[in-house]
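Since this is a predicted model, take the numbers as computed values, not measurements. Proteins come first, then strands; the chains are lettered A, B, ... in the order of their sequence lines, and each starts at number 1. Keep in mind that the numbers below use all heavy atoms, side chains included, and drop hydrogens, waters and symmetry copies.
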There are 2 protein chains.
Amino acid sequence: MAQITIQDVAQMAGVSPATVSRALHSPHLVSKATRENIERIIRENNYIYNAAAADLSRRKSSVLGVFIPTTGGTVFASTVGAIEEYAYERGFPVMVSNTRYDPEIEAVLLHKCLERRMAGVILTGYCQANEQLILSMAEKGLPCLVAWEILPESVPLSYVGIDNYQAAFEATDYLLGLGHRRVGLIVGPRSGILRARRRYDGYAAALEARGIPCDPALVIERHPTMLNGKEAMSRLLRLPKPPTAVFAASDFMAIGAMAAARERGLRVPEDISLMGFDDIEFTNYTSPPLTTVRVPSWDIVGSQAK
Amino acid sequence: MAQITIQDVAQMAGVSPATVSRALHSPHLVSKATRENIERIIRENNYIYNAAAADLSRRKSSVLGVFIPTTGGTVFASTVGAIEEYAYERGFPVMVSNTRYDPEIEAVLLHKCLERRMAGVILTGYCQANEQLILSMAEKGLPCLVAWEILPESVPLSYVGIDNYQAAFEATDYLLGLGHRRVGLIVGPRSGILRARRRYDGYAAALEARGIPCDPALVIERHPTMLNGKEAMSRLLRLPKPPTAVFAASDFMAIGAMAAARERGLRVPEDISLMGFDDIEFTNYTSPPLTTVRVPSWDIVGSQAK
DNA sequence: CGAATGAATGAAAACGATTTCATCCAGCAC
DNA sequence: GTGCTGGATGAAATCGTTTTCATTCATTCG
C-alpha cells in the first residue's frame with residue numbers, strides 16, 4: 001500500500017500542495033475553513049508526513065545529535081536524558097552517538113551528523129583529536145555545543161559546563177585542610193579526556209599550594225567505571241605507604257573505591273577519607289553517604305541548551 | 001557555500017550520477033579504476049553525502065528508533081547502550097525516545113518513527129494503551145520489537161525478554177522458604193507497566209502457593225526511582241505489623257529501600273530480609289551486597305537484536 | 001473612483017539521491 | 001562470422017516536500 005502524499009491530500013481537499021504544506025507548518029497563512037478541511041482529510045485518510053522529503057527540501061533536518069563518551073556512566077543518563085526531554089518539547093528528535101572515548105569513532109559519527117544536515121550537535125566532553133573537524137563543522141553551519149567542559153579561549157566553540165579544575169582544587173584542598181598529607185587521586189585518563197586532565201591539574205595545584213610534593217604513586221588513571229574505581233583503590237591501599245585520604249575524581253569510581261575500602265575492613269571516614277566527584281543519585285544511598293563534589297549535571301545540559 | 005552533490009562528483013569524474021551512487025554503495029558493480037577515481041574526487045572535494053535525499057529516494061531510512069520509559073533507571077543505559085553499540089557496527093544510527101511512562105507521549109513518538117520511515121523500532125517495555133497503533137505500524141512494514149517483556153500469544157509482535165512473572169515468583173518463594181510470612185512488595189504501577197503487573201502476579205502467586213493471604217497493605221506501587229523505593233520502604237516499616245522481608249521488584253527501588261532500612265537502624269539481612277530485582281551494577285557495591293534477581297539486561301537487547 | 005494593501009492561494013522549480021531499464025562492448029564458443 | 005554472455009555504464013523517472021513568485025480578489029484609504 002503506497003503511502004498517501006501531500007499531493008493526494010491536496011487533490012482531495014481541492015487545493016494545491018503548497019496550501020497543505022502551509023496548513024501543516026504555518027496554519028496562520030491558511031484560512032480557517034481550508035485548514036480544518038485539510039486537517040480532516042489528513043485524519044480520515046491517515047496521511048503520514050514524510051520527514052525525509054521535508055529534510056531534503058529544507059536542506060536541514062530537525063534532528064539533534066548528542067555525543068557521549070560512554071554509556072557506562074551517568075554522564076550518559078544525565079546528558080541524554082535532559083537533552084531529550086528539552087528537545088522533545090520543542091519537537092526535536094535526538095540521535096545518540098557513543099564515541100567510546102575513541103576519537104576515530106567520534107570522527108565517523110560526526111561525519112554522519114554532517115550527512116544528515118542535523119539541526120545541531122551537542123558534544124559531551126571534548127576530544128582535542130577532532131578539534132579541526134569540529135571547528136570545520138561549526139563553520140559549515142552546523143551548530144556545535146560542548147557540554148561538561150569549560151573551553152580555553154583559543155577554541156571558538158560554545159560550551160556549558162563546570163570548572164573541573166577549580167572543583168578538583170577545592171576538593172583536594174578540603175582533604176588537605178582536614179590534615180591529610182598523603183592524598184590519593186583516582187581519575188580518568190588525562191591524555192584523552194580533557195575533564196580528567198583538568199581535575200588532575202586542580203589536584204596537583206592544591207597540593208603545590210600547600211607545599212606538598214605530588215607522589216605519582218598516589219595517582220591512578222583509569223577509565224571511569226565502578227570496577228576500575230575498585231581496583232584503583234585496592235592498589236592504593238596495598239602501597240607500602242597508603243594514602244590516608246583519596247579523591248576519586250570521577251562519576252562511578254568513588255563507588256567502587258568505597259567498596260574496595262570496605263572489603264579491606266576500612267571504615268569511611270574513620271579509617272580513610274574518601275571524596276567523590278559525581279553527579280549521581282546513588283551516593284545518597286551508600287553507607288555512609290559519600291562526601292562528594294556535587295555537579296548540577298541535569299542543569300548543565302537541561303537548562304542552558306538553546 | 002552550497003554543498004557538492006553527487007551530480008557534481010559525477011561530472012568531475014566524467015561518469016553518470018548512477019555510477020557514483022554505485023561506487024558508494026555497491027563498489028563491486030564499478031570497475032576498479034572508476035571507483036578509485038571517484039573516491040579520490042570525493043575526498044579532494046569534500047563531498048558530503050546527503051542522507052535525507054537517500055532516505056527519500058529509498059523510501060526508507062536506516063535510523064533505528066529506541067523507546068525507553070524513563071531516563072532515570074538503568075533500563076535506559078542498558079537498553080540504549082547495548083543497542084547503540086550493536087547498531088553502530090552495522091551503520092545504523094539510533095534515535096532515542098523517552099516516553100516518561102506516558103502512553104500519549106509514546107503515541108506521538110511512535111508517529112514520528114512512521115514519519116521518518118525508520119528501519120525499525122525497539123520498544124522497551126510494552127504499553128497496552130498503544131497496542132493498536134503499534135500493531136498497525138508493524139503491518140505498515142515498520143518492524144517492531146518489544147524488549148524486556150514476554151508477550152502473550154495474542155499479541156503478534158516479536159519480543160526478547162525475561163519472564164517477569166516467573167522471576168518474581170521465585171524471588172518471593174525464596175523469601176518464603178526462609179520462613180518469612182509477612183513479605184512486602186515494592187513494585188512499579190501495575191496499571192501502566194506490564195512488567196510491574198507480571199512481577200506482582202508472580203509475587204501473589206508465590207504467596208498463594210504457600211497458602212498465605214496477600215495483605216494489600218504490604219504492597220506498595222510507585223514509579224521506579226531510588227527515592228520512591230526509600231519512601232515505600234519507610235512506609236512499610238512504619239506499619240503496625242511491618243513485614244519481616246521485602247521484595248523490591250524494580251531497578252532502583254531496592255537501593256532506596258536499603259537506605260530506608262538503614263536509617264531506621266535495621267540491619268540487612270539480620271533484622272529484615274531484602275530482595276532486589278535489578279540489572280544494575282550498583283548492587284555489587286552496596287553494603288552488604290544486595291541479594292537480587294539478576295537480569296541479563298545487556299544481553300537482552302545486545303545479543304538478540306536482529 | 002483609482003490605487004494601494006493584504007490575505008489566501010497556486011504554479012512550478014528545486015532538493016539530491018536511487019534504481020530500473022537499456023545500451024555498449026569485449027571476449028568467447030561454435 | 002554469428003550469437004551469447006556478462007561486466008560496466010548511462011538516461012531518466014521518481015521519491016514527497018518546501019518555497020519563491022505570482023496571481024486573485026476583497027478591502028480600505030485618500
Side-chain angles (χ1 to χ4, degrees), chain A residues 1-39 41-42 45-63 91 112 114-119 140-141, chain B residues 1-39 41-42 45-63 91 112 114-119 140-141:
Chain A
M1 166 192 78
Q3 287 291 353
I4 291 188
T5 75
I6 216 176
Q7 303 266 4
D8 303 325
V9 174
Q11 202 174 333
M12 292 188 236
V15 298
S16 74
T19 301
V20 176
S21 180
R22 280 189 281 253
L24 250 29
H25 304 296
S26 325
H28 60 282
L29 292 181
V30 173
S31 78
K32 191 159 176 243
T34 311
R35 175 163 26 95
E36 287 176 350
N37 188 232
I38 290 175
E39 280 164 1
I41 291 181
I42 284 180
N45 296 80
N46 237 298
Y47 161 71
I48 298 172
Y49 183 73
N50 185 318
D55 285 355
L56 173 59
S57 186
R58 289 212 180 95
R59 280 172 278 299
K60 193 92 200 148
S61 123
S62 66
V63 174
K112 296 273 180 206
L114 239 21
E115 291 184 354
R116 298 214 158 259
R117 311 292 192 265
M118 285 195 179
K140 280 201 179 76
Chain B
M1 167 190 79
Q3 287 292 353
I4 290 187
T5 76
I6 214 175
Q7 304 267 3
D8 302 325
V9 174
Q11 201 175 334
M12 292 189 237
V15 297
S16 74
T19 301
V20 177
S21 179
R22 281 189 281 253
L24 251 29
H25 304 296
S26 323
H28 60 281
L29 293 181
V30 174
S31 77
K32 189 157 177 247
T34 311
R35 174 161 30 93
E36 287 176 351
N37 188 232
I38 290 176
E39 280 164 0
I41 291 181
I42 284 180
N45 296 80
N46 237 297
Y47 161 70
I48 297 172
Y49 184 73
N50 186 319
D55 286 354
L56 173 59
S57 186
R58 288 212 180 96
R59 282 170 276 300
K60 192 95 199 146
S61 124
S62 65
V63 174
K112 296 272 180 206
L114 238 23
E115 291 184 355
R116 298 214 159 259
R117 311 291 192 267
M118 285 195 179
K140 280 201 180 75

By side chain to side chain contact (heavy atoms under 4.5 Å, CB included), which residues pair with R117(B), not counting sequence neighbours?
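R117(B) satisfies side chain to side chain contact (heavy atoms under 4.5 Å, CB included) with Q3(A), I48(A), N50(A) only.
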N46(A): which residues meet the side chain to side chain contact (heavy atoms under 4.5 Å, CB included) condition with it, sequence neighbours left out?
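Partners of N46(A) by the side chain to side chain contact (heavy atoms under 4.5 Å, CB included) criterion, ordered by chain and then number, come out as K140(B).
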Length of the line joining [X]:[atom1] and [N]:[atom2], which is rounded to integer Å:
X      : N       : atom1 : atom2 : value
I38(B) : dG10(D) : CD1   : C1'   : 12 Å
K32(B) : dG7(D)  : NZ    : C1'   : 17 Å
R35(A) : dT9(C)  : CZ    : P     : 10 Å
L29(A) : dG6(C)  : CG    : C1'   : 12 Å
I42(A) : dT17(D) : CD1   : C1'   : 13 Å
H28(B) : dT9(D)  : NE2   : P     : 13 Å

Pair listing, side chain to side chain donor-acceptor pair (under 3.5 Å) test, anchored in residues 54-63 of chain A, at least two apart
D55(A)-R116(B)
What residue among R22(B), R35(B), E39(B) forms side chain to side chain contact (heavy atoms under 4.5 Å, CB included) with P27(B)?
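Running side chain to side chain contact (heavy atoms under 4.5 Å, CB included) over R22(B), R35(B), E39(B) with P27(B) returns exactly one hit, R35(B).
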Find out whether N37(B) and V15(B) are in side-chain contact, i.e. whether some heavy atom of one side chain is under 4.5 Å from a heavy atom of the other.
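In short, these two side chains do not touch, never coming nearer than 4.5 Å.
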Set of residues satisfying salt bridge (charged side-chain N to carboxylate O under 4.0 Å, His left out) with respect to E36(B), sequence neighbours excluded:
K32(B)
Please confirm whether the shortest side-chain N or O distance from S31(B) to OP1 or OP2 of dT9(D) is below 4.0 Å.
yes
Give me the distances for all protein-to-nucleotides 22-24 of chain D N/O pairs that come in under 3.5 Å?
none

Hey, what do you get for CG (L56(B)) to CG (L56(A)), rounding to the nearest 0.5 Å?
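Those atoms lie 6.0 Å apart.
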What one should report as the nearest heavy-atom pair of I38(A) and V20(A) is CD1-CA, 4.0 Å
Its contact letters, B for base, S for sugar-phosphate only and - for none at protein heavy atoms under 4.0 Å, make nucleotides 10-20 of chain C read BB---BBBBBB
